[in-house]
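Data first, discussion second: the structure below is written as structure tokens.
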Number of protein chains: 2
Amino acid sequence: MKLDAQWITGFVDGEGCFHVGVNPHSEMTAGFQVLPEFTVVQHERDVQILHALKAYFGCGVVRVNHGGRMAYRVRSKKHLLERIVPFFIKHPLKTKKNVDFKKFRRILLMMDKGVHLKSEGTEEIRTIAKQMNRGSSR
Amino acid sequence: MKLDAQWITGFVDGEGCFHVGVNPHSEMTAGFQVLPEFTVVQHERDVQILHALKAYFGCGVVRVNHGGRMAYRVRSKKHLLERIVPFFIKHPLKTKKNVDFKKFRRILLMMDKGVHLKSEGTEEIRTIAKQMNRGSSR
């Protein structure tokens, strides 16, 4: 199945999620691990769509989510920065999800500079991450 | 906001719904009223998307749904047959929602021939309508 860039933007406006987990982690200098993640979840009957997204972006994995659902997931910072972020810069989301995307991008750029490895940086990232996915329609 | 046809297809693949209600109705000859409906529901923060869809298709209404949600809704058989159906024939949905769309279209074409006004026709429509929106991801 071949996907069109505008179709992907529309589909992700509906079904996609940009999320940054900030979890306590004793082995990290700043005491926290920062985990950015782009996901699209679908009922298993539409798993072929998730495989088509994976093929389009050339990264990520398709895995079982829960409750008969499957997820396309990209967690690699390199792939997020080099493939996912540039795509949604070139083809902007039209819903308020674009606000989350911009925060997601900002955190990734901070991480790229190593900001998340220092306490102050982690605190700033936590503040931005907390403002994401609020009032989600899910 | 100007929408692209492929963006709309992707968004409707995620968020749209093709539904046919078949309700008992004493004033109808066949004893049932057949109500086809195309809807897209969004959180109120993205109501501008629903207005953009209404402007694109040149039909339908944007109304309060429930729980802080808004709905774009097309119920006119004429508008469904002349605007919504041709759009999704030209720009096919990529998810299994396309199976529902085809049933939706079949019922509309039957209604256009007046099939729903006879008991046998209503029974056939009820059978098709029951097979729609099964295993929905919602």
Side-chain angles (χ1 to χ4, degrees), chain A residues 1-18 38-57 62 64-72 87-88 90-101 131-138, chain B residues 1-18 38-57 62 64-72 87-88 90-101 131-138:
Chain A
M1 185 189 299
K2 209 172 161 288
L3 301 181
D4 171 279
Q6 279 300 317
W7 183 91
I8 292 175
T9 306
F11 195 63
V12 168
D13 256 317
E15 304 282 288
C17 181
F18 298 93
F38 168 59
T39 42
V40 181
V41 174
Q42 285 294 287
H43 189 277
E44 59 190 356
R45 68 188 165 165
D46 278 313
V47 69
Q48 87 283 5
I49 296 284
L50 304 181
H51 284 293
L53 285 171
K54 183 183 165 185
Y56 186 95
F57 288 115
V62 175
V64 173
N65 203 29
H66 49 77
R69 294 168 77 84
M70 304 291 292
Y72 168 59
F87 176 87
F88 291 105
K90 192 171 175 190
H91 309 283
L93 295 158
K94 291 182 186 293
T95 66
K96 290 286 182 287
K97 201 165 280 179
N98 202 32
V99 178
D100 283 338
F101 166 71
Q131 294 163 352
M132 293 173 66
N133 308 115
R134 278 178 171 186
S136 160
S137 58
R138 288 298 153 84
Chain B
M1 184 189 300
K2 210 174 160 287
L3 301 181
D4 171 279
Q6 279 299 314
W7 183 91
I8 292 175
T9 306
F11 196 62
V12 169
D13 256 318
E15 303 284 288
C17 182
F18 299 93
F38 168 59
T39 42
V40 181
V41 174
Q42 284 295 285
H43 189 276
E44 60 190 357
R45 68 186 165 163
D46 279 313
V47 69
Q48 86 283 4
I49 296 283
L50 303 181
H51 285 293
L53 286 171
K54 183 184 165 184
Y56 186 94
F57 288 115
V62 175
V64 172
N65 203 31
H66 50 76
R69 294 166 78 85
M70 304 291 290
Y72 168 58
F87 176 88
F88 291 105
K90 192 170 175 191
H91 308 285
L93 296 158
K94 290 182 187 293
T95 66
K96 290 287 183 285
K97 201 165 279 178
N98 202 32
V99 177
D100 284 339
F101 166 71
Q131 295 162 351
M132 293 172 67
N133 308 116
R134 279 178 170 185
S136 161
S137 57
R138 288 296 150 87

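Keep in mind that the numbers below use all heavy atoms, side chains included, and drop hydrogens, waters and symmetry copies. Sequence lines set the chain letters: A, B, ... in the order given, protein chains first and strands last, and positions in each chain run from 1.
- Heavy-atom minimum distance, A:Trp7 versus B:Asp13: NE1-OD2, 2.9 Å.
- Only the side chain of B:Gln48 comes within contact range of chain A, with at least one heavy atom under 4.5 Å from a heavy atom of that chain.
- The NZ atom of A:Lys94 lies 9.0 Å from the CD1 atom of B:Ile8; values are rounded to the nearest 0.5 Å.
- Note: B:Lys97 NZ to A:Asp46 CG = 8.5 Å, rounded to the nearest 0.5 Å.
- Within the model, atoms CD1 of A:Ile49 and NZ of B:Lys96 stand 8.0 Å from one another, a figure rounded to the nearest 0.5 Å.
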